[in-house]
Each structure stands twice: as structure tokens, then as C-alpha cells.
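These notes concern the structure reproduced below.
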Amino acid sequence: MTPEPAAGPSNFIRDTIIEDLNTGKYQGRVHTRFPPEPNGYLHIGHAKSICLNFGLAQEFGGKTNLRFDDTNPSKEEVEYVDSIINDVRWMGFDWDRLCYASDYFQQLYDWAIELIQSGKAFVCDLTAEQIREYRGTPSEPGTESPYRNRSVEENLGLFARMKNGEFADGARTLRAKIDMASPNFNLRDPILYRILHASHHRTRDAWCIYPMYDFAHGQSDSIEHITHSLCTLEFEDHRPLYDWYIEAIGIYHPQQIEFDRLNLTYTLLSKRKLLKLVQDGLVRGWDDPRMPTLSGIRRRGYPPEAIRSFAGSLGISKTNGMIELGRLEQCVRENLNKSAPRVMGVLRPLKVVIDNYPEDHVDELEATNNPEDAAAGTRIVPFSKVIYIEQEDFRENPPKDYFRLSPGREVRLRYAFFLKCIHAVKDEAGQVVEVHCTYDPLTRGGNAPDGRKVKSTLHWVSASHAVDGEVRIYETLFTKEDPNQVEEGEDFTVNLNPKSLEVITAAKLEPGLANPPEGARYQFERLGYFAVDPDSTPGKPVFNRTVALKDAWAKIEKRGSQKK
RNA sequence: UGGGAGGUCGUCUAACGGUAAGACUGCAGCCUCUGGAGCUGCGUAUCGGGGUUCGAAUCCCUGCCUCCCAGCCA
């Protein structure tokens, strides 16, 4: 029912599951979960985790829960919950159960009381600052809280009063009694509960104390009988704490396995920083097509299949690597090459007058919709005396290896005729504003009966039939491979790419593109893949360039200019 | 300076004591009604130093480097 993620190479997590299946460690069960905090939108890094968790369960006939780790009401909102649900579905996955850590608040509270009763937790009156001081440093052990040895009764009473709202935010905490001298900070009497008089998006005002993530996460996995709790590397240090809680409470023990988080060049994958971009208006919103969010790349036109294939091609390891953005883009091209219908659109129009073409005549030419997919069929595109071609497809003085149109040279117009340039018309500033050509009627359809060849084929649009459209061209949001690389005192916003968005308001598109369905993806021949933006209005489509086609000429030209 | 986790082509991943392999990128070429797609070929790597072994990316010792941890965030 849910699609198969692209099969990638095996990895140590998959190997572990196979091993556990062979030894019967979980009676043949595989149950994973994807546990986001609803404090922001999902991004491409989450897609890796989604594909891993859902993909592994699918492969071994297991289940996956979608669970919201919503233990901090001050940062979480239903808007985020809704977007995450939508994004996971869009990725093509369905969950066994939709869960919330907040569903377990009562259970967690009861367990906290058990820990107090067994002398393993205490109410601490230290302020946040004092707790930090008492915690010690990497080289020095911490100091035990003076409140550490309160009686069980006193702790029980105080904790009940915390729950009843008798104290202000931050006045007291419930802490585990572990080891202030542990080299692992997570075990230096960590906080279980803090007082937060905040309304929760699901439990409303039922609680004014909330469990810390660390006190909720492992037990949530336990409650859901998760077998393999996959998480990223930074939680490796927390595993001993989760184990301590689960052992102290005496409940089912899932196995946590940590893997490397996705890092992409020219991309920021930090919810905090993405939130800043949105809040400071540096992008249009969470779904700005330059954002690495799933909603952003969806709007940009990335198909979920391409993201799945990208995720599947990624290795799962424990090394902190940096994946080249080009790999993601290549997955998008591969997918769209097979699926996207071809159309013609001219981004920067140059008027071409065909001197020997009859004044009011129109040729209806047949064009292939997708050379990679015969079933996509053909369509008719109109041709007339005045057409537009791309400005960059004409050079009055062509450089070496430039095959396109120039005075005296003949090229082919895609699916139409051979076209020969006679002369260019310039304005006062010396800019070419119009090109006069002749065409060869015998080459209708694109081939010459006499067998002569041309070195180049150009896309074009008939001027009188053209639809005006807006096209948004995107470059990377940041100029540096690592956007976090900044000088002292600067932040990542200095690396924002001023050219990340270029809006072309008067592109000329073939007539079939007047009212395309929102989200539809096309290949504009020779240019790239483009997706219909929701900003489109009837008769005035707006396209986002999803990704450009590989451009061999751009590469040659760039190399040439570098030599100089 | 404490703890945890890592270090294999430019990038990512494999090789689990027995010929260092694949993908992406790059380069060269073929093909082409998209300078797209496709096809062919080429190139570059085991962090350093010691050991064990017939044989080490793999095991041992040692040094170096990178990432994470001192939120009442997750």
C-alpha cells in the first residue's frame, strides 16, 4: 500500500535488525517510530529518518508509529503537528499508530511518584543558575543539591504541590538521584519535571508540570513496545540515562541505535535557524521553495519519489559527513526525466522575425510529450512568422564551440523548421532587440530532405500564441557550502545568497500552459524542470524552477572565462 | 585537561585477517531533433608511527584530527 523506498545498500542498523530477527530477540517483531517534536516544519534531514524508520519496518513486515514528542508546550503548536502529519503522508508513508508523548503524561507522572517512593528522585529548590553551578564541569565533578536528602514524604508532598500549581515557573524541579560525579552530564541528577504554567496544544491546562524529553522519550518507546529506537548521534550520551529510567521503573526495554544526521552542502538543517529565517522574513515562509523543508521542496517541485530515492541512496553510518547537494538534485532529475512532460518556454525572449514566412499563416506542429515515455503521446504546438527564442541562444559574434544561432548560421527549431539567421537589429545602446531569419519550408518537422545537418536545436514559442508567465529561478539559499562558517561575531545570515531568487515576470510559454494544474511538473526543454506554484492565477501561471538540466555549454563557457 | 562517538578516492558508502569495490562528481570520447537523456573509457583513497601475522583498512599499542555533551530545549 505504501510505496517501497528505493533499495539502498545495507547498513549496520539493518544488519542489527536482521540479527535480532535471527535470534528472536523481539519474537520476530520490528516496530520503529518517527518521533518529531512539533516545534517546526520537517526538513530533508527528517526525510532521511522517516525513510529509515518506515522503510525498515516495511522491509521486515513491521510497524512504525508516528509519535509527537510534545513535552514542551512553550515551543509547540498544532500548526506544526498538522504540517508534520501532512508531510509524512506526502512522503508516501502511513503509520501504525499516531501517538503523542502527551498521551503518557499521567503514566509518566505515576512513574515519577514511584521513583520518589523508591528514593530515586527528589524535589529540588535550586534555581536554574544554581543547578548549573552545582553541575560541575567536564573535569570537575558536580556538587550534590542540599535538597537531595529530603524524606520521601516531603518529596511526595512537594511534588504534589508542584502539580497543583502552588509554585511559580522554575521555583522547583523534580530530579533523579543518580551521580553528581558521573563523567556523563546526563547522569548528574537530571531533571525529570519542571514547572511550566503553559497551555499545551493537546492537554490544555490539565498540567502545569511537564516531563523533560529525557524522562519521556525512552518510556514512550517502551510504552509503544518499540523494538528499535533509531535516533541521531547526539543522543548517544543520553542512552545511559534512558536505560537508567527504564531499569529503575522496571519496564520493557527497547534498543536505541544512533545514526548520523544528514548534512547537505549549501543547506541549513536546524529547526532553530530555519525558524529564524521565517520569523525574520528572510524567506517567504516555511514553504519558501528555497527552504530545505519538505513543504518548501514540495512547492519547489521535488517529487516524494525522488526524495525517497535520495534517502535510500544515503549510507547509514556514524560518521559526520557532508552530502553534496548535487546528489539530491541528481535524484530529482533522474525522477523527473522519466515522468515530466516536455514543454517549451522562453525565459528571456528575443524576437525573431522569419522574413520568408507567410504573414498570417500558422503551422501546427506535432511535438513529443516525453521521449522517455512513449505513452505520454504528442501534442500540437503552433508556429508563425514571429517567434521568441532565448536571448542566450543568439550571439552576434559567437565564441568558439558556440553552436547556436548567429548571423549566417543555420539551426533547428525543435519540432519545427531549420532557421537561418540573416541579420540582427540593435537599439541605440547596441543591444540586439530583434533577429531576422529565413526558414526552410522543406524542413517541416525538423529534418532536411537533403540530409544536411545542423549543430544545434533551439526551443521557441510563437509570439502571437504565447502565454505570459512568471518564472522563479532559485539558487542555493547560502553562498557557502557550510552556511555556519562565519567570522567571529557574525551569524549564518551573512552567508545568505543575495541571488537565491530571481523572478522573471515575462516569460513566453507555449499556449498549452495557460492554466496548468497547481503542483504540475514539466520539463521546459533545454532549461530544466519547473513546477506550477500556487500563486498562479487563471491565464497567468507561475512556475518554480525545480532544478536546471545539466548544462554542458555553461560548463564549457565557464571554463573558457576562467582561462582568461 | 572529563565523557561519548568517529577518521577509506573530491564527496558518500563497501570490503568484517586474503586482489581496496560501488555511487556521485570530475575528465575524455560515442550517440542524439533537448549541448538533456543514454553509452564507453580514465582518474584519485585506507589519518601518522610502531607492532602481531605468510598476509592488516580490518587485530594490538601509540600519537594526531573531527564531531557531540556543562538547557528547567528536543
Side-chain angles (χ1 to χ4, degrees), chain A residues 8-11 15 35-37 39-40 69-72 74-76 124 126-129 131-133 135-142 169-175 182-188 190-196 209-210 212-214 216-217 231-240 258 260 265 271-272 313-324 326-327 330-331 333-334 337-338 342 344 367-368 371-372 401-404 411-416 418 443 445-447 453-459 523-528 548-557:
Chain A
S10 192
N11 57 67
D15 294 343
E37 182 193 13
N39 67 340
D69 274 338
D70 54 352
T71 54
N72 185 356
S74 65
K75 294 188 175 176
E76 297 151 7
C124 183
L126 256 22
T127 65
E129 194 184 342
I131 285 183
R132 193 183 322 125
E133 286 163 5
R135 190 149 31 219
T137 69
S139 51
E140 306 160 78
D169 286 3
R172 288 180 223 265
T173 55
L174 183 72
R175 296 226 258 161
S182 172
N184 182 345
F185 277 95
N186 296 121
L187 300 179
R188 317 248 263 225
I191 293 169
L192 270 52
Y193 270 91
R194 73 295 211 180
I195 301 172
L196 228 45
I209 57 172
Y210 291 93
M212 296 289 290
Y213 169 84
D214 279 348
H217 187 76
C231 67
T232 43
L233 258 20
E234 68 270 26
F235 294 104
E236 212 145 19
D237 281 348
H238 296 241
R239 179 154 34 91
E258 305 86 6
D260 61 324
T265 57
K271 276 202 250 178
R272 209 201 91 237
S313 76
L314 255 22
I316 302 296
S317 72
K318 294 176 84 98
T319 55
N320 275 298
M322 182 75 90
I323 304 292
E324 290 166 342
R327 265 179 69 177
Q330 188 52 26
C331 288
R333 285 193 198 96
E334 269 173 22
N337 177 48
K338 300 284 184 225
R342 271 60 169 172
M344 290 194 285
T368 301
E372 302 287 326
D401 293 330
Y402 184 86
F403 303 152
R404 281 110 97 145
V411 299
R412 171 169 38 234
L413 293 172
R414 182 83 157 147
Y415 299 125
F418 280 15
T443 59
N447 287 303
K453 301 287 184 194
V454 290
K455 295 191 82 171
S456 183
T457 298
L458 309 185
H459 60 278
Q523 183 197 103
F524 286 14
E525 295 223 24
R526 302 208 305 136
L527 298 176
L549 245 25
K550 280 197 234 164
D551 189 344
W553 166 244
K555 206 179 277 185
I556 294 168
E557 199 176 31

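Predicted model, so just to flag it, every value in this text is computed and none were measured. Just so it is clear: chains get the letters A, B, ... in the order the sequence lines come, proteins before strands, and each one is counted from 1. Values below: all heavy atoms of this structure, side chains included; hydrogens, waters and symmetry mates excluded.
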Look for any protein N or O under 3.5 Å of an N or O in nucleotides 20-26 of chain B and output each such pair with its distance, or none.
from   : atom 1 : to      : atom 2 : distance (Å)
G26(B) : OP1    : K555(A) : NZ     : 2.6

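Counting any heavy atom pair closer than 4.0 Å across all strands shown, F235(A) reaches a base atom. Within 4.0 Å of I556(A), counting heavy atoms only, lies at least one base atom of the nucleic acid. Among the atoms of the strands shown, base atoms are found under 4.0 Å from some heavy atom of T173(A). As judged by a 4.0 angstrom heavy-atom cut-off over every strand, I191(A) is placed among the base-contacting residues.
Here the side chain of M212(A) is nearest to one of G35(B), A74(B), U1(B), namely A74(B). Distances from the side chain of S139(A) to the nucleotides G2(B), U34(B), A74(B) place G2(B) closest. With distances taken from any side-chain atom of P138(A) to the nucleotides G35(B), C68(B), G2(B), the minimum falls on G2(B). Across C73(B), A37(B), C68(B), the shortest atom-to-atom separation from the side chain of D237(A) is found for C68(B). Listed candidates were G3(B), C72(B), A70(B). Nearest to the side chain of R194(A) is C72(B).
Side-chain atoms of R132(A) stay outside donor-acceptor range of the base of G71(B), with no qualifying N/O pair under 3.5 Å. Below the 3.5 angstrom threshold, one finds no donor paired with an acceptor across the side chain of E258(A) and the base of G6(B).
Comparing the C1' positions of G71(B) and G63(B) gives a spacing of 36 Å, expressed to the nearest Å. Here the separation of A20(B) from U44(B), taken at their P atoms, is 14 Å to the nearest Å. Comparing the P positions of G7(B) and A15(B) gives an interatomic distance of 12 Å, to the nearest angstrom. Taking atom C1' in both C68(B) and G36(B), the straight-line distance is 43 Å, to the nearest Å. Comparing the C1' positions of G29(B) and G10(B) gives a spacing of 23 Å, expressed to the nearest Å. Using C1' as the reference atom, A57(B) and C9(B) are 14 Å apart when rounded to the nearest Å. Rounded to the nearest Å, the gap between the C1' atom of U46(B) and that of C39(B) is 32 Å. Between the C1' atoms of G49(B) and C30(B), the separation comes to 49 Å (whole Å).
Salt-bridge annotation for E258(A) and R239(A): present, with a side-chain N of the basic residue lying under 4.0 Å from a carboxylate O of the acidic one.
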**Complete:** Pairing string of RNA chain B (Watson-Crick or G-U wobble, both atom distances under 3.5 Å; | = paired to other strand) is .((((((..((((....[..)))).(((((.......)))))....(((((..]....))))))))))).....
